[in-house]
Amino acid sequence: MIVAKTGADHIKSLKDGRTVYIDGKLVEDVTEHPAFRNVVRSSAALYDFQAQPENIEWMTFQPEGSNKRVNRAWQMPRSYDEMVQRRKALQAWAKLSCGFMGRSPDHVASALAGQRISIEVFQKHSPDRAKAFVDYYDWATRNDVFLTYVIINPQAERTKDWSAQSDDLVARIVDEDSSGITIRGAKMLGTSSIMANEVLVANLQPLRPGEEDLAFSCALPMNTKGIRVLSRKSYEASAVSVFDNPLSSQFDENDALMFFDDVKVPWDRLFVYRDTDMARAQFHDTFGHSYQNYQAQIRLSVKIKFLVGVAHRLTEAIGTTKIPSVSEKLGYLAAQASMVEAMLSGMEASGRMAGDYWVPNKHFMYAAQVLTQDLYPQVVNAIRDLSGGAMIMLPSSIADFTDPVLKKIIHTTQRAASMEPEDKVKFLKAAWDAVGSEFGSRHTQYEMFYAGARFVTAGHSFRTYDWETATGLVDGLLNTYQLKDELDALAR
Ligand SMILES: Cc1cc2nc3c(=O)[nH]c(=O)nc-3n(C[C@H](O)[C@H](O)[C@H](O)COP(=O)(O)OP(=O)(O)OC[C@H]3O[C@@H](n4cnc5c(N)ncnc54)[C@H](O)[C@@H]3O)c2cc1C
């Protein structure tokens with residue numbers, strides 16, 4: 001059994017001359033730059049993990065027509081059992097970063113798998129676009145391509161339509177010829193774009209008729225001429241050491257503004273063309289949105305479990321676990337973590353066949369999304385609440401351990417009933433990186449917004465809920481008595 005790519009192959013594929021900027025400079029090689037090199041290695045480690053002989057069978061599958069195995073994210077499950085098998089592979093990848101790599105390669109692969117399941121939606125739009133999508137899906141699957149996506153427009157004036165924003169703010173079609181279209185303008189944030197091979201560019205936000213220039217979707221190699229990637233501040237670059245910042249030093253997947261500076265898109269990479277309804281339908285009339293957000297919940301199930309573990313260890317570090325009000329808080333956190341897991345199982349078990357494939361329960365997925373975007377900051381806050389000053393009273397860096405006087409003081413002051421002082425410092429540094437560092441704080445923002453602001457996610461929940469049954473229950477009660485009968489009874 002051989003895999004389509006290894007970690008080394010992935011790193012090599014990123015030395016492709018892409019145009020990434022950070023701190024005012026063009027990055028020569030993202031795989032070597034101090035802002036990105038560790039997370040690039042963490043992404044490569046995903047491919048190495050699945051290539052290990054003991055993992056290859058359950059982490060990967062062999063697509064039809066290929067002799068190489070790829071991650072199960074590309075697999076369109078044909079039954080509930082296959083969906084569970086696929087989920088276990090995705091959870092295993094998430095565990096490698098404790099759930100802190102939100103846009104690992106399985107995210108967009110899941111979106112595309114969900115869209116591929118409903119290819120008839122593309123066929124209705126245009127047979128040529130549907131063919132381009134199918135060919136692309138097959139190619140991306142066979143090569144286990146790492147894709148990111150940019151599907152949200154930069155914020156500016158919300159009271160104006162997207163097409164009415166100032167010139168070049170929102171990516172749009174500005175030209176076309178026999179070889180394809182040309183796009184110019186920006187998309188908000190390409191998380192993981194610095195270490196992805198390709199980017200899916202689309203428009204998830206509602207468009208009106210007349211905004212056809214904005215209504216396109218395509219996939220492009222990250223080194224396409226004209227794609228400029230403007231990285232946010234790197235947390236990895238300021239992570240002093242793995243011991244001091246175990247998460248941000250390895251898993252800072254980065255988020256970057258993407259500007260399309262007259263980028264040429266060939267027709268065979270174009271999946272939606274000047275159709276405002278299809279821009280929406282690509283995600284919502286297919287199972288794309290379901291599958292991408294189902295993947296997000298799979299990853300979150302790991303991350304919440306990790307955070308609940310942090311909470312428990314924290315109380316051990318400061319000796320509070322057995323205080324009744326503290327164990328009550330831990331019990332509440334455990335219930336929250338289990339709720340995330342239970343919702344995941346629920347959306348799988350109450351899924352259904354759509355044609356040849358098993359798809360998750362859409363409303364349960366949206367319910368999980370709405371509840372967990374609130375739950376995440378609650379869990380972070382609970383950890384802060386349990387900690388007092390523990391995550392702050394810490395050596396400035398590992399360098400403090402090199403001075404014998406300081407080391408002695410650290411050993412005296414970092415005591416715990418069940419931990420050695422060095423283990424306590426090690427743990428508390430990790431806990432702070434998870435919930436309090438700039439990296440940890442970005443994660444709260446991520447979990448609150450990656451799937452859309454509250455009014456958007458709650459809107460999906462509203463639209464997909466079975467209101468008829470709910471209101472039917474109310475009507476059922478109301479139909480058991482009538483005012484007239486009651487008045488008659490009163491008169492008797
Ligand atoms: C860390 C991070 C990573 C991200 N990664 C990606 C990525 O990889 N790819 C990608 O495409 N996108 C990405 N995003 C973008 C993300 O999808 C958006 O942030 C999200 O959809 C919310 O859109 P917005 O930022 O425009 O916020 P807005 O929609 O502007 O909402 C912000 C706030 O404004 C208010 N508001 C605005 N409009 C309304 C309204 N109509 N009704 C009521 N209230 C309103 C609400 O208070 C809302 O909470 C990422 C975002 C973050 C924070």
Side-chain angles (χ1 to χ4, degrees), residues 20 39 43 97 99-112 146-162 165 169-171 185-208 214 216-220 222 227 229-236 247-248 251-260 279-280 282-284 288-289 292-293 295-296 299-300 303 366 369-370 372-374 376-377 380 437-462:
V20 175
V39 73
S43 69
S97 67
F100 279 85
M101 277 167 64
R103 292 290 152 87
S104 46
D106 45 327
H107 183 73
V108 179
S110 295
L112 295 182
F146 185 166
L147 273 127
T148 183
Y149 63 24
V150 283
I151 56 180
I152 300 292
N153 299 321
Q155 293 157 310
E157 290 190 60
R158 260 303 154 85
T159 45
K160 284 185 180 172
D161 288 346
W162 291 114
Q165 305 290 335
L169 176 75
V170 181
K187 287 284 176 184
M188 190 173 186
L189 279 176
T191 299
S192 281
S193 54
I194 52 106
M195 57 187 183
N197 301 115
E198 300 246 332
V199 58
L200 176 74
V201 191
N203 198 309
L204 184 65
Q205 289 157 307
L207 295 174
R208 292 178 203 282
L214 278 64
F216 66 91
S217 125
C218 60
L220 294 164
M222 280 301 302
I227 297 185
V229 180
L230 276 68
S231 167
R232 64 150 161 76
K233 176 183 174 179
S234 163
Y235 312 136
E236 174 179 324
L247 296 168
S248 46
F251 307 126
D252 179 18
E253 62 188 345
N254 202 270
D255 313 283
L257 172 97
M258 293 193 66
F259 193 80
F260 298 86
R280 175 200 61 78
Q282 173 176 16
F283 294 93
H284 291 296
H289 209 239
Q292 73 197 47
N293 290 303
Q295 181 279 343
R299 176 198 53 80
L300 186 69
K303 194 175 184 181
Y366 285 130
Q369 199 172 70
V370 171
T372 55
Q373 70 185 164
D374 279 357
Y376 192 87
V380 166
S437 66
E438 199 168 1
F439 169 88
S441 171
R442 176 264 178 201
H443 273 272
T444 302
Q445 204 69 10
Y446 181 82
E447 299 299 349
M448 288 169 70
F449 280 103
Y450 75 83
R454 161 55 85 73
F455 72 93
V456 174
T457 56
H460 295 319
S461 172
F462 175 74

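Both counts, for ligands and for their atoms, begin at 1 and track the order of listing. Owing to the predicted nature of the structure, the values given are computational and were not obtained by experimental measurement.
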- request: Quick one: do His107 and Tyr149 satisfy side chain to side chain donor-acceptor pair (under 3.5 Å)? Show the steps, please.
  value: CA-CA 9 Å; His107 183 73; Tyr149 63 24; 2.7 Å; yes
Identify, by atom number and element, the atoms of ligand 1 in contact range of [X], meaning under 4.0 Å from any of its heavy atoms.
X      : value
Tyr446 : 1 (C), 2 (C), 3 (C)
Asp255 : 1 (C), 3 (C)
Tyr450 : 17 (O)
Val150 : 11 (O)
Arg103 : 5 (N), 6 (C), 7 (C), 8 (O), 9 (N)

Any protein heavy-atom neighbour for [atom] (distance below 4.0 angstrom)?
atom                    : answer
atom 38 (N) of ligand 1 : yes
atom 22 (C) of ligand 1 : yes
atom 47 (O) of ligand 1 : no
atom 4 (C) of ligand 1  : yes

Which value, rounded to the nearest 0.5 Å, describes the distance between [X] atom [atom1] and [Y] atom [atom2]?
X      : Y      : atom1 : atom2 : result
Lys233 : Arg442 : NZ    : CZ    : 14.0 Å
Gln292 : Leu200 : CD    : CG    : 9.0 Å
Phe283 : Asn293 : CZ    : CG    : 10.5 Å

- request: Please name the pair of heavy atoms, one in Val20 and one in Ile194, separated by the smallest distance, quoted to 0.1 Å.
  value: CG1-CG2, 3.8 Å
task: For Tyr366 and His289, test the side chains for any donor-to-acceptor distance below 3.5 angstrom and give the result as yes or no.
output: yes
message: Testing the 3.5 Å rule here: is there a donor-acceptor pair between the side chains of Ser217 and Gln282?
response: yes
message: At under 4.0 Å between heavy atoms, is it the side chain or the backbone of Thr191 that contacts ligand 1, or both, or neither?
response: both
query: Under 4.0 Å from ligand 1, counting heavy atoms only, is it the side chain of Arg158, its backbone, both or neither?
result: side chain
- line: The single option from Leu230, Leu220, Val201, Val229 that satisfies side-chain contact (heavy atoms from CB on, under 4.5 Å) with Met258 is Val229
Can you check which of [options] brings a heavy atom nearest to [atom]?
atom                    : options                        : answer
atom 43 (C) of ligand 1 : Phe455, Tyr149, Phe449         : Phe455
atom 27 (O) of ligand 1 : Met188, Gln155, Glu447         : Gln155
atom 12 (N) of ligand 1 : Leu200, Val108, Leu189, Thr457 : Leu189

query: What is the nearest protein non-hydrogen atom to atom 31 (O) of ligand 1, stated with its residue, atom name and distance?
result: Ala453 CB, 3.7 Å
Protein contact to atom 11 (O) of ligand 1 [nearest heavy atom, distance to 0.1 Å]: Ile151 N, 2.8 Å
query: Do NZ/NE/NH1/NH2 and the carboxylate oxygens of Arg103 and Asp255 come within less than 4.0 Å?
result: no
query: Should the ring pair Tyr450 and Tyr446 be called parallel, tilted or perpendicular, given that the plane angle runs from 0 to 90° and is split at 30 and 60?
result: parallel
- request: Mark the output for Arg454 as yes if a heavy-atom distance to ligand 1 is under 4.0 Å, and as no if none is.
  value: no
